[in-house]
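These notes are about the structure you will find just below.
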2 protein chains.
Amino acid sequence: MPETGQQVGTRQRVEDSAALLFRRQGYAATGLKQIAAESGAAFGSIYHFFPGGKADLGDHVVRRAGAAYRDLVATALGGDADPETAVLSMFDAAARALAESDYADACPIATLALEVASTDERLRMATEAVFADWVDTATAWFGQWVPRPADRDLATSLIMLLEGAFLLARAARDPGPLHIAGQSMVTLLRAHRSG
Amino acid sequence: MPETGQQVGTRQRVEDSAALLFRRQGYAATGLKQIAAESGAAFGSIYHFFPGGKADLGDHVVRRAGAAYRDLVATALGGDADPETAVLSMFDAAARALAESDYADACPIATLALEVASTDERLRMATEAVFADWVDTATAWFGQWVPRPADRDLATSLIMLLEGAFLLARAARDPGPLHIAGQSMVTLLRAHRSG
DNA sequence: GTCTATAGCATGATAGAC
DNA sequence: GTCTATCATGCTATAGAC
């Protein structure tokens, strides 16, 4: 079934709306009826595309949004030749996007990940796979300038600082933490390049 | 009404159970009936002590658990004379506590903070106040060895690394991120002391 | 594939007996 | 202060017409 024209199918509209709502208000607080209303899909269509119900939809959304955000961050990092400048501009871009969305669009899966970590093993494993993918991607990027195993430690610290900064920035409605995180990341990179 | 003996009142049992459940499964997924059952209190007692209902209870729990966790971290940091050793042992203690709770007890307010950041202004402000209090406390601690304004940047990075590490560690059921975060924090501290 | 209706069960909140 | 019953509403999930 080839896509004719740029029309967006019902399934994708459902996934997009679910991703947006899970990101902004979390998994438990988002109802399937709200997703149906937001996406313009009939309630029954959700169960047509995701027979396993909410958990099935959540699993798909986590993996799809996770891959998309990895590409977004990889693009933000890859544009520059100097790694320190690239790191700073990536955190700046994240800060700008967060403020422009009225502090709603931070990490697409962090809220859900914390909610399900101790309550839903299937969704927990989906978030684990996404974070591992992000760390792998960042490890390969840092590997251009830093030897093992420091590349992986830097990559893990990058994700941790970004996630922690998103948390503080959303709670305070202030982009400041993201800029501090960027500076700290530059300091860590310098220490590992000279050391 | 003086406390006679070490009996724990109904109000505190409700707060304790709510704090535990909010921490492990989040705010939206935790029902008042579950809190009543867990604490052994009658359902109506919750509304007796918290007339504003769930939001009222959540606000109290966030501030109380936030202050308790600040004291816990401050104690973990303050025990040692050497700041680098103190930072490492604090992250080690956090890793141990997390693993021993089967990756359930990480930050007491992070899940709730992300859930309410864009949906409940009163609770968002409660989490903002708690994080600001933590950063202030850590800033004063770093101020013993590092001049302004680096003390505040280090304090913010400490909280961000701790929160990001908790997220990755819970998702992967692995304490590794907390140890990497501790090492990165030591690197940041060294850079600011020599620089 | 789309859409509606509804079952079965939870929720937050309230009223009122004791 | 404690406890129970209940209301109105929401949820996930299912069944079945079209």
Side-chain angles (χ1 to χ4, degrees), chain A residues 1-5 7-22 24-62 111-112 115-116 119-123 126, chain B residues 1-5 7-22 24-62 111-112 115-116 119-123 126:
Chain A
M1 48 193 80
E3 278 288 342
T4 63
Q7 256 197 347
V8 176
T10 301
R11 184 191 169 111
Q12 194 178 331
R13 289 208 320 277
V14 168
E15 286 189 12
D16 289 346
S17 294
L20 186 111
L21 291 167
F22 290 162
R24 298 194 170 189
Q25 59 189 25
Y27 181 72
T30 300
L32 293 182
K33 286 185 176 169
Q34 187 181 10
I35 294 171
E38 197 86 8
S39 64
F43 182 77
S45 294
I46 297 179
Y47 280 90
H48 173 72
F49 292 110
F50 304 96
K54 192 179 185 182
D56 210 355
L57 173 59
D59 190 90
H60 277 80
V61 164
V62 165
T111 311
L112 183 148
E115 285 183 276
V116 305
T119 58
D120 190 312
E121 187 62 7
R122 179 189 177 189
L123 287 179
Chain B
M1 47 193 80
E3 279 287 340
T4 65
Q7 257 198 343
V8 176
T10 300
R11 183 191 170 111
Q12 194 178 330
R13 290 207 320 278
V14 168
E15 286 189 11
D16 289 347
S17 294
L20 186 111
L21 291 167
F22 291 161
R24 299 195 169 188
Q25 58 188 27
Y27 181 72
T30 300
L32 292 181
K33 287 185 176 167
Q34 186 182 11
I35 294 171
E38 197 86 6
S39 64
F43 182 77
S45 294
I46 296 179
Y47 280 89
H48 173 73
F49 291 110
F50 304 97
K54 194 179 185 181
D56 210 356
L57 173 59
D59 190 88
H60 277 80
V61 164
V62 164
T111 311
L112 182 148
E115 286 182 275
V116 304
T119 58
D120 190 312
E121 187 62 7
R122 179 190 177 190
L123 287 178

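Sequence lines set the chain letters: A, B, ... in the order given, protein chains first and strands last, and positions in each chain run from 1.
The bend of the helix from C:dG1-D:dC18 to C:dC18-D:dG1, defined by the angle between the axes of its first five and last five pairs, stands at 0° to the nearest 10°.
At least one side-chain nitrogen or oxygen of A:T10 sits closer than 4.0 Å to the OP1 or OP2 atom of C:dT2. Of the side-chain N and O atoms in B:S45, one or more sit less than 4.0 angstrom from OP1 or OP2 of D:dT2.
To the nearest 0.5 Å, the span separating CG on B:L123 from OH on B:Y27 amounts to 5.0 Å. In this structure, CG on B:L21 lies 11.0 Å from CG on B:L32, to the nearest 0.5 angstrom. Distance check, rounded to the nearest 0.5 Å: CZ of A:F50 to CD of A:E15 gives 4.0 Å.
Judged as a salt bridge (charged side-chain N to carboxylate O under 4.0 Å, His left out), the pairs with a partner in residues 46-59 of chain A (not counting sequence neighbours) are, in order, A:D56-A:R122, A:D59-A:R63, A:D59-A:R122.
Atom P of nucleotide D:dG1 and atom CZ of B:R13 are separated by 14 Å, given to the nearest angstrom. In this entry the distance linking CZ of B:F43 with C1' of C:dT14 reads 9 Å, nearest Å. The interatomic distance linking A:L32 (CG) with D:dT9 (P) rounds to 21 Å, in whole Å. D:dT9 atom P lies 13 Å from atom NZ of A:K33, rounded to whole Å. If you measure from atom CG of A:L57 to atom P of D:dC11, you get 15 Å, rounded to the nearest angstrom. Atom CD1 in B:I46 sits about 9 Å away from atom P in C:dG12, given to the nearest Å. A:Y27 places its OH atom 14 Å from the P atom of D:dC11, with the value rounded to the nearest Å. Between the NE2 atom of A:H48 and the C1' atom of D:dG16 there is a distance of 15 Å, given to the nearest Å.
Counting only heavy atoms from C-beta on, A:K54 has its side chain closest to D:dT12 among D:dT12, D:dT4, C:dT14. With D:dA13, C:dG12, D:dT4 as the candidates, the nucleotide lying closest to the side chain of B:Y47 is C:dG12.
Of all heavy-atom pairs spanning A:T119 and B:R24, the tightest one is CG2-O, 4.4 Å. Pairing each heavy atom of B:I35 with each of B:V14, the nearest pair is CG2-O, 3.9 Å.
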**Request:** Given side-chain hydrogen bond (donor to acceptor under 3.5 Å, both in side chains), test B:T111 with A:E115 step by step and report yes or no.
**Result:** CA-CA 6 Å; B:T111 311; A:E115 285 183 276; over 6 Å; no

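Summary of the strand contacts: B:F49 and A:G52 both lie near DNA chain D, and taking for each the nucleotide with the nearest heavy atom, the more 5' one is attributed to B:F49.
The residue B:G44 sits close to a base: some heavy atom pair falls under 4.0 Å.
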